[in-house]
Q: 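This structure is in structure tokens; I'll ask about it shortly.
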Amino acid sequence: MKVEQTKLEGVLLVTPQVFGDERGFFMETYNREKALANGLPGEFVQDNHSKSSRGVLRGLHYQHPQWQGKLVRTVQGEIFDVAVDIRAGSTTYGEWVGYLLNDENKQQLYVPPGFAHGFVVTSDTAEVVYKCTTVYAPAQEGSVLWNDPDIGIEWPIDSPILSAKDQVGRRLADLPALTV
Ligand SMILES: Cc1cn([C@H]2C[C@H](O)[C@@H](COP(=O)(O)OP(=O)(O)O[C@H]3O[C@H](C)C(=O)[C@H](O)[C@H]3O)O2)c(=O)[nH]c1=O
């Protein structure tokens, strides 16, 4: 697998080695030894799977103080996956990166603790699976407004479908000082 550092330190783009043959393909989607050798966590404690229709935007979410690192991939369809640096005092505070993760490129995005995460679906449907470094702690969840102009995410969808929670995410300027 290839692991690339994005412009936000700690956010990693993972491209797995895909073994194709006349039957189809095989790839390792996670390997602890290779992960540790490439700056990825050696332990995840929860796997998630969500399915969404075109235009659904889930995010931007984080957990604090029990931050969740997330290794995200799309097993069917395509998403535009986004990480936003919300670590108080970070030199890249409020900056974002976004990548198209789909069932063709099979790429994964690692979103480390200290970042808000979200995605929008750019195919008819998308099934997203992701490994988490800590378990779900709903009382610790926070939401950042998906279209906060102070972040300026260039989403490929103008009018996304949002949950009630995501319609009222907090502006970056209203976030408490969050440390990892
Ligand atoms: C996240 C989560 C949710 N749930 C339950 C709670 C609700 O009854 C239902 C839907 O939850 P929610 O609307 O928060 O799901 P998403 O909007 O997909 O939330 C996720 O969206 C973005 C992309 C993220 O990065 C997070 O993993 C997560 O916040 O699943 C659980 O039981 N366990 C969980 O870990």
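Whatever order the structure lists ligands and atoms in, that order sets their numbers, starting from 1. Being a predicted model, the structure only gives us computed values, none of them experimental. Below, each value reflects all heavy atoms present in this structure, side chains not excepted, and no hydrogens, waters or symmetry copies.
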Q: Which one of Q63, Q68, H61, K51 has a non-hydrogen atom at the shortest distance from atom 17 (O) of ligand 1?
A: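 The nearest heavy atom belongs to H61.
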Q: Report, in ascending order of atom number, the atoms of ligand 1 lying under 4.0 Å from any heavy atom of K70.
A: 24 (C), 25 (O), 26 (C), 27 (O)
Q: Would you mind listing which atoms of ligand 1 come within a distance below 4.0 Å of any non-hydrogen atom of H117?
A: 23 (C), 24 (C), 25 (O)
Q: Quick check against the 3.5 Å criterion: does N105 have a side-chain atom that pairs as donor or acceptor with the backbone of N102?
A: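 It does hold such a pair.
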Q: Would you mind checking which non-hydrogen protein atom is closest to atom 13 (O) of ligand 1, with the distance to 0.1 Å?
A: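 Atom 13 (O) of ligand 1 sits closest to the protein heavy atom K165 NZ, 4.2 Å.
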Q: Which residue and atom name correspond to the protein heavy atom nearest atom 35 (O) of ligand 1, and how close is it?
A: Q46 NE2, 2.9 Å
Q: Indicate whether the side chain of H49 and that of E127 have a donor and an acceptor atom separated by less than 3.5 Å.
A: yes
Q: Hey, which atoms in ligand 1 end up nearer than 4.0 Å to a heavy atom of E141?
A: 29 (O)
Q: Considering only protein heavy atoms, which is closest to atom 16 (P) of ligand 1, and at what distance to one decimal place?
A: R58 NH1, 3.6 Å
Q: Within the structure, does at least one protein heavy atom fall under 4.0 Å of atom 7 (C) of ligand 1?
A: no
Q: How long is the gap from OG1 on T133 to CG on L40, to the nearest 0.5 Å?
A: 11.5 Å
Q: So, the side chain of W96 versus the backbone of G152: is there a donor-acceptor pair under 3.5 Å, distance only?
A: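 Yes.
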Q: Under a plain distance cut-off of 3.5 Å, with no hydrogens placed, do R54 and S123 share a side-chain donor-acceptor pair?
A: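 Side-chain D/A pair, S123 to R54: absent.
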Q: If you measure from each heavy atom of Y62 to ligand 1, is any distance below 4.0 Å?
A: no
Q: Run the numbers for me: atoms of ligand 1, each under 4.0 Å from some heavy atom of Y130, listed by number.
A: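 Result: 20 (C), 24 (C), 26 (C), 27 (O), 28 (C).
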Q: Given 3.5 Å as the limit, does a donor-acceptor pair link the side chain of T74 with the main chain of Q76, or not?
A: no
Q: Any non-hydrogen side-chain atom of Q108 less than 4.5 Å from a side-chain atom of L101?
A: no
Q: Please determine if E43 and R32 form a salt bridge, counting it only when a charged side-chain N lies under 4.0 Å from a carboxylate O.
A: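 No, this pair does not count.
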Q: Around atom 33 (N) of ligand 1, find the nearest protein heavy atom and jot down its residue, atom name and distance.
A: Y136 CD2, 3.2 Å
Q: Using protein heavy atoms only, decide if any is under 4.0 Å from atom 28 (C) of ligand 1.
A: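 There is a protein heavy atom less than 4.0 Å from atom 28 (C) of ligand 1.
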Q: Given the protein's heavy atoms, is any one of them under 4.0 Å from atom 23 (C) of ligand 1?
A: yes
Q: For F119, counting its heavy atoms only, list the atoms of ligand 1 lying under 4.0 Å from any of them.
A: 23 (C)
Q: Between R171 and D150, is the closest basic N to carboxylate O distance under 4.0 Å?
A: yes
